[in-house]
Peer 1: 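Could you have a look at this structure, given as structure tokens, before my questions?
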Amino acid sequence: MSLVGAWWRQICQPLDGLLWKKGISHGVIRPLLRNQILLAGALILLGGIIFIVWSWLFWAGCGFAVMTWILYSWAAFFLRADIGSYNAAFLRIVILRFGIRLLLLAVLLYIALRFFSAPAGAILVGLVTGTILGLVNFTYYMRKGA
């Protein structure tokens with residue numbers, strides 16, 4: 001066993017256990033969220049360390065973390081939902097939750113841009129990167145499991 005492999009397992013196992021306790025039990029979604037959380041944390045940590053020199057990486061990490069939060073909340077909601085409950089009421093709940101999440105994202109984005117002078121491009125890059133890497137992770141784990 002390599003040193004990097006042992007270190008990676010030491011980080012991933014507690015996070016996988018925490019996601020399992022939170023109801024994320026799907027074999028494809030759990031590693032996807034784990035990787036997203038680890039990468040968001042690494043970007044924010046590294047960006048925080050070099051914030052005075054270059055704040056762009058920190059704000060990109062914040063955008064990435066927001067996308068990770070959105071993916072986590074979708075996964076938690078849809079993995080708890082009963083398959084037979086997909087009707088008009090279910091659709092209204094999905095739209096309401098999406099709208100509330102979008103409103104919260106707009107408020108956080110306004111605060112970051114207005115009061116902290118965050119670069120809008122950095123947050124946008126973080127959001128887009130979080131989306132793309134989430135899809136790449138999903139594709140990878142779907143192919144690996146299939």
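We count residues from 1, following the sequence as given.
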Peer 1: Take atom CH2 of Trp54 as the centre, draw a 6.0 Å sphere, and report whether it contains more than 12 heavy atoms from other residues, nucleotides or ligands.
Peer 2: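 Enclosed: over 12 neighbouring heavy atoms sit under 6.0 Å from CH2 of Trp54.
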Peer 1: Measure the spacing between CD1 of Ile44 and CG of Leu39 and express it to the nearest 0.5 Å.
Peer 2: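 Result: 10.0 Å between the selected atoms.
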Peer 1: Please tabulate, one pair per line, all N/O donor-acceptor pairs under 3.5 Å involving side-chain atoms of residues 10-22, not counting sequence neighbours.
Peer 2:
| from | atom 1 | to | atom 2 | distance (Å) |
| --- | --- | --- | --- | --- |
| Asp16 | OD1 | Arg34 | NH1 | 3.4 |
| Asp16 | OD2 | Arg34 | NH1 | 2.9 |

Peer 1: Which residue in the set Leu32, Leu79, Leu33 passes side chain to side chain contact (heavy atoms under 4.5 Å, CB included) when paired with His26?
Peer 2: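 Only match with His26 under side chain to side chain contact (heavy atoms under 4.5 Å, CB included): Leu79.
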Peer 1: Can you find a heavy atom in the side chain of Gln36 that is under 4.5 Å from one in the side chain of Tyr72?
Peer 2: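 Sidechains of Tyr72 and Gln36: no contact.
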Peer 1: Side-chain heavy atoms nearer than 4.5 Å, only ILVMFWY residues, links allowed to pass through others: does that put Ile29 and Leu71 together?
Peer 2: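 Looking at the clustering, Leu71 is in the same group as Ile29.
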Peer 1: Does Thr68 reach the side chain of Phe64, with side-chain heavy atoms less than 4.5 Å apart?
Peer 2: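 Contact flag for Thr68/Phe64 side chains = yes.
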Peer 1: Less than 4.5 Å apart, any side-chain heavy atom of Leu105 and any of Arg101?
Peer 2: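 Answer no - side chains too far apart.
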Peer 1: Hey, quick one: are Leu38 and Leu45 part of the same hydrophobic cluster, counting side-chain heavy atoms closer than 4.5 Å, chains of contacts allowed?
Peer 2: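 No; tracing contacts between hydrophobic side chains, which count when under 4.5 Å, never links both residues.
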Peer 1: Can you give me the closest heavy-atom contact between Ala40 and Ala65, atom names plus distance?
Peer 2: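 In terms of heavy atoms, the two residues are closest at CB-CA, 3.9 Å.
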Peer 1: Name each donor-acceptor pair under 3.5 Å that joins a side chain in residues 109-124 to protein atoms two or more places apart or in another chain, with its distance.
Peer 2:
none

Peer 1: Counting heavy atoms not belonging to Trp74, are there more than 12 under 6.0 Å from its CH2?
Peer 2: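 Result for CH2/Trp74: open.
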Peer 1: Who pairs with Phe58 by ring pair (Phe, Tyr, Trp, His ring centres under 6.0 Å), at least two apart in sequence or on another chain?
Peer 2: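 In terms of ring pair (Phe, Tyr, Trp, His ring centres under 6.0 Å), with neighbours along the sequence ignored, Phe58 is linked to Phe51.
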Peer 1: Going by the rule ring pair (Phe, Tyr, Trp, His ring centres under 6.0 Å), which residues pair with Phe98 if we only count those two or more places apart in sequence or in a different chain?
Peer 2: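 If we apply the ring pair (Phe, Tyr, Trp, His ring centres under 6.0 Å) test to Phe98, skipping adjacent residues, there are no hits.
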Peer 1: Suppose clustering is done on Ile, Leu, Val, Met, Phe, Trp and Tyr with side-chain heavy atoms closer than 4.5 Å. Which residues sit in the same group as Leu96?
Peer 2: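 Its cluster mates, by chain and number, are Ile100.
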Peer 1: Enumerate donor-acceptor pairs with a distance under 3.5 Å from any side-chain N or O in residues 126-140 to protein atoms, sequence neighbours excluded.
Peer 2:
| from | atom 1 | to | atom 2 | distance (Å) |
| --- | --- | --- | --- | --- |
| Thr129 | OG1 | Val125 | O | 2.6 |
| Thr131 | OG1 | Leu127 | O | 2.9 |
| Asn137 | OD1 | Asn35 | ND2 | 3.4 |
| Thr139 | OG1 | Leu135 | O | 2.9 |

Peer 1: What distance do Trp69 atom CH2 and Leu108 atom CG have between them, rounded to the nearest 0.5 Å?
Peer 2: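 Taking CH2 in Trp69 and CG in Leu108, the distance rounds to 7.5 Å.
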